[in-house]
Amino acid sequence: MKDATLALHVGYEKDKEKSMQVPIYMTTAYEYQDTDHAARLFALQEEGNIYTRIGNPTTRVFEKRISALERGVDALATASGMGAIFYSIANLVSKGDNIIISNKLYGGSITLSTQTLKNFGITAKYFEPTNPSELEELIDDNTKAILFESIANPALVVPEFDEIVKIANKKGVITICDNTIATPYSVKPIELGVDIVAHSASKYIVGNSTAIGGCIIEAPFAKEKLKSKRYPQFNEKDESYHGLIYNEKFDNPFIARARLALLRDFGAVLSPFNAWLFILGLETLHLRIKAHSENALKIAKFLATHPKVKNVNYPFLENNENYKRAKKYLKYASGIVSFELSSYEEAKEFVKKLKIFSLVTNIADSKSLVTHPASTTHQQLSKEELKNAGVPEGLIRLSIGLEDVEDLIEDLNNAL
Ligand SMILES: *Cc1c(COP(=O)(O)O)cnc(C)c1O
C-alpha cells in the first residue's frame, strides 16, 4: 500500500462497536484473565496490555502508522519531541560515552546534548552536516550516536545524508535523524540508511498546535549494528527482566529496550488522547505538507524580489546553499522560511504590522506564525554572539500556514 492509505488504515481493526475512528482508550490499567495471564505478560512471554506507561492500544495505532510511513520495524511514542530525542540517545549511551551532533540542531537538542547530558557523564562533539569529512576522525571507541536533522530547525540546513551514513556504517555507529520539519512525505531517512528516526509530533504531525508529543522509529537493519560490542546493553543480560537479552528476543531491539527499560523507568509517556490527535493529524499530513511547502515556496520567491529584504533562506530557492542537497534528498522543503531585514527596529516594526501572522515561538501550525529570534529565543545573546550564531538582529522566521497564499503575500507586503 501507498503512504496515504497506510496513514489511514494501518494498525486498527474495528472493535466490536464498529467505531470508524480509532477509539481513545483513556485508561491507566487493564484487567488480567487470572494471575497466570498476568505472570506471562510480566515475563514478556505473551504480548498484551499491562499499564499505559509502557503501552496503550490508542497509542499503539499511532506508533504503527508512523512506523509504516517511515519504513521502520517498530516505533515508540513519547511525551514530547525532546522525550524522543532523549530516549534515542539514552538508549545507546552510558557514563563515559560520547555522541557526535550536527552543528545545526534544534536548540533543545543542543542544550540536552552539550549541557544536561554532561551531568550524567556523556559528552558531545560537533560535526558539519553539509560536509562531514571530519566525522570519521571524531568517532572513537566510546562514540555511540550521530545526531542530525533532515531539515535543521531553524537554520534550514539539509545534511549530506549519503556521506554521513557511509562513515557511520564504516565505523558501526548508530545514526539518529530528527525528521520533524521534513516529515516522512519529504524524506524517509531509513531509506537513506539512517538507523533511528525521531520526531516532534507537536509540529506537522499534529499540524494545528493542539498537542505536544513525539516518537522514535527503528530501521529494520539497526539490529545488525546493535550486535556490535559498542552496544553491550543490547547483547548482555538485563537483570531487571530476569536476564533478558534484547538482541536475542526481539527484531526491534532498540524500540523494545526504549519501551521496556527507558519508558518504564523514566516514564515520559504520551497521553492516549494526544496519540489520538496525532492519528487524526497523520490522516491529512500528506495533503498539508504539500500545501505548506507550495505556499512557502511562493512566499520565499516573493520575499526574494522585495527591496527591503536582505536575503531569504529557503532550501528550494535556486541560489540557496542547500539547493543541490535539497533537490537530491527532499520532496518538499516544508513551510519554514526565514529572511533578514536591515535592523532590530525594522524587524520589530514589521512584526507589529502583520495582521494574519501571529507572533509565536512555534512552527508547523495550520495558521501562519512569525518569530523574531533576536527579541525572543536568542535575546540573551550579545550583538556579536547573535552574529556568530547565524541569527542577525533583523532575522525573521516565518512558519507558513494553510491560508490562501495571496492573503499571506498581501499581509507581508503591507508590513514591509
Ligand atoms: C520542536 C522540535 C523538537 C522538540 O519537540 P517538542 O515536542 O517541543 O518537545 C525537536 N526537534 C525539532 C526539529 C523541533 O522542531
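Order of appearance sets the numbers: ligands from 1, and atoms from 1 within every ligand. Owing to the predicted nature of the structure, the values given are computational and were not obtained by experimental measurement.
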N/O separation below 3.5 Å, Ser109 to ligand 1
no
What protein heavy atom sits nearest atom 6 (P) of ligand 1, and how far off is it?
Gly81 N, 3.3 Å
Please determine, by modelled atom types, if Asn179 and Ser150 share a side-chain donor-acceptor pair under 3.5 angstrom.
yes
Protein heavy atom at shortest distance from atom 4 (C) of ligand 1
Tyr106 CE2, 3.4 Å
State the atoms of ligand 1, each with its element, that fall below the 4.0 Å cut-off from a heavy-atom position in Gly213.
7 (O)
Using the ring of Phe339 (Phe, Tyr or Trp, six-membered ring only), decide whether Lys310 places NZ or CZ under 6.0 Å from its centre and within 45 degrees of its axis.
no
Distance to the ring centre below 6.0 angstrom and angle to the axis at most 45 degrees; does that hold for Arg288 and Tyr204?
no
Under 3.5 Å between any N/O of Met82 and any N/O of ligand 1: does that happen in this structure?
yes
Between Arg397 and Asn153, does any side-chain donor sit less than 3.5 Å from a side-chain acceptor?
yes
Would you check the N or O atoms of Ile363, main chain and side chain alike, for any that come under 3.5 Å of an N or O of ligand 1?
no
Pair Glu294-Tyr332, side-chain donor/acceptor within less than 3.5 Å:
no
Could you tell me if the ring centre of Tyr30 sits under 6.0 Å from that of Tyr25?
no
Say whether Tyr314 and Ser334, considering side chains only, have a donor N or O and an acceptor N or O under 3.5 Å apart.
no
Of the protein's non-hydrogen atoms, which lies at the shortest distance from atom 14 (C) of ligand 1, and what is that distance?
Lys203 NZ, 3.0 Å
Looking at Ser202, which atoms of ligand 1 are within less than 4.0 Å of one of its heavy atoms?
6 (P), 7 (O)
Atom indices of ligand 1 within 4.0 angstrom of Asp178 heavy atoms, with elements:
10 (C), 11 (N), 12 (C), 13 (C)
